[in-house]
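Please read the structure below before turning to the comments.
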2 protein chains.
Amino acid sequence: MTKLTVEPRDCAACPIRHNAVCARCEADELEILEGIKTYRNYEAGEPIVFSGDDMEFVASVVTGVASLSQGLEDGRTQMVGLLLPADFLGRPGRRTAAYDVVAVSPLTLCCFRRGPFEELLNSTPHIGQRLLEMTLDELDAAREWMLILGRKTAREKIASLLSILARREASLRQATLTREASFTLPLTREAMADYLGLTLETVSRQISALKRDGVIRLQGTRGIEVPDFERLLAETGDDADGGPLI
Amino acid sequence: MTKLTVEPRDCAACPIRHNAVCARCEADELEILEGIKTYRNYEAGEPIVFSGDDMEFVASVVTGVASLSQGLEDGRTQMVGLLLPADFLGRPGRRTAAYDVVAVSPLTLCCFRRGPFEELLNSTPHIGQRLLEMTLDELDAAREWMLILGRKTAREKIASLLSILARREASLRQATLTREASFTLPLTREAMADYLGLTLETVSRQISALKRDGVIRLQGTRGIEVPDFERLLAETGDDADGGPLI
DNA sequence: CGTCTCGTTGACGACCTTCAAAGGGCGTGG
DNA sequence: CCACGCCCTTTGAAGGTCGTCAACGAGACG
């Protein structure tokens, strides 16, 4: 549970340089950012902030996966955001966290002190423009997710999650989707259940069913092989053409 | 099904002047906006755009209610956005609609031609800043909605929707929430079901149950009276303090 | 080798959907 | 003015999907 603060690295060599909130920054703007940034590392399962906490920073995910969750009085919880590399954490203009944030896998954040970051947001248009674009993308993703939560069956939910993860995996590697795909699940069964509004038992059962029906193959519990991606897509229930965002 | 184009009115007299995307604009910026805006009216139930359509404008809702919906192959649909007065319709930088948009009640839009609006977005920071703020608010609302869709029971879903509508009703009138509240539902049972990921029969049954239990009273089918707002909140299942956005 | 976490599988029951029918409210037309 | 039809809503009965409770299996680690 140790929070390690690493020395800032060079932005030019950053793996998320061209996708994160700083994507459109010029050299001089990057220089300012370098001055206010710090890296933080978290272990899998480690909480980052709790809902209601004061957040003294905003951040970009450099590597790893984090989740945003909301809960009800009696302990039921729903994941409402899944942050992958390049995604942005925190809301400019609001100091208190609205969600519980947890590192799902080993995680590295590039943290910016709130005050200077918000000044930069006002003084240079590039960061605000990029943040708007990213926020609109997240809103689209949230709306696709709402369709999954509200109207899909358990089997369709699992198929949808797998296809989303396969797509993101491919785009991180800058590869195009081929007929067959394989990737490692970054989530436990419980986290998948939390994402999909199911119980972990139902998740496990439906994964077994998809495997039994030949839609996927398993390598251990986390390795997923998709022999025919079209077949998986057919299981999502989605409209053929429109399809989720590419 | 007639689409009436009304002469532009004076921005200074606009009912949503201080809440819409133009909220932070100076007099000179408003003047530019006045030059590219048009009003359009729609009847209740009238479609505005279909997913995949080319959208030549973006718009602010002036009066009335519109919904954004997504559908599955077999006809199941899920509402993914509810646009009330001052809310923004359309995404800068994307010409094709990602959702079906329908007027839920009689509706007036203040439409801006896409090209000039996007130029303005780049040339003046006030519009972009406000749009970012509104988009972040929508993202928060979408996440609260995801918790409702994924984890709440039918009864809790209905109570949540009623409390959200009561809150918005109060904020539109600039009133503070009192112990008792009353408002008119802007949605049919079917639209409520679409919002909550339920069937209209379940919606009807749960409204009857809340009425039987004295949580609400009905005036006709659309009029809702809440004798004790705390009692309604207790039915939402939400964490007592955190509570949804105010 | 024991323990702990994560995952799988089974039995049962609750909640919600599906299918069906009937009850208002309102406008149109006789 | 009343009757009729249409749409929205309510209510009932039956069935299916998924949640709950429980037991067991597999791999990691000390």
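Below, read A as the first sequence line, B as the second, and so on, with proteins coming before strands; counting in each chain starts at 1. Computation of the quantities below employed the complete heavy-atom set of this structure, encompassing side-chain atoms and omitting hydrogens, waters and symmetry-equivalent molecules.
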### Query
Are more than 12 heavy atoms from other residues, nucleotides or ligands located less than 6.0 Å from atom CD of B/E201?
yes
### Task
Could you verify whether a donor N or O on one side chain and an acceptor N or O on the other, from B/N41 and B/T108, lie under 3.5 Å apart?
yes
Just the rounded figure in Å: distance from [atom2] of [N] to [atom1] of [X].
X	N	atom1	atom2	value
A/Q78	D/dG19	CD	C1'	15 Å
B/M192	D/dC8	CE	C1'	13 Å
A/Q206	D/dC18	CD	P	6 Å
A/D74	D/dG19	CG	P	14 Å

Polar pairs (N or O, both sides) under 3.5 Å between protein and nucleotides 25-30 of chain D?
none

### Query
Sequence neighbours excluded, which residues qualify as side chain to side chain contact (heavy atoms under 4.5 Å, CB included) partners of B/L218?
B/I207, B/K211, B/I216, B/I224
### Message
Just to verify, what does B/R231 make a side chain to side chain contact (heavy atoms under 4.5 Å, CB included) with, not counting sequence neighbours?
### Response
B/D213, B/V215, B/D228, B/E235
Protein and nucleotides 9-15 of chain D: nitrogen or oxygen contacts under 3.5 angstrom:
unit_1 : atom_1 : unit_2 : atom_2 : d
D/dT9  : OP1    : B/R222 : NE     : 3.4
D/dT9  : OP2    : B/R189 : N      : 2.8
D/dT10 : OP1    : B/R189 : NH2    : 3.1
D/dT10 : OP2    : B/R189 : NE     : 2.7
D/dT10 : OP2    : B/S204 : OG     : 2.7
D/dT10 : O5'    : B/S204 : OG     : 3.1
D/dT11 : OP2    : B/S208 : OG     : 2.6
D/dG12 : N7     : B/R205 : NH1    : 2.8
D/dG12 : O6     : B/R205 : NH2    : 3.3

### Message
Salt bridge or not between A/R40 and A/E56? Use side-chain N to carboxylate O under 4.0 Å.
### Response
yes
### Task
With a 4.0 angstrom cut-off to heavy atoms of chain A, pull out the first and last contacting nucleotide of DNA chain C, in 5'-to-3' order.
C/dG7 to C/dA11
### Query
Which residue pairs pass the ring pair (Phe, Tyr, Trp, His ring centres under 6.0 Å) test with at least one member in residues 163-200 of chain B, sequence neighbours excluded?
B/W145-B/Y195
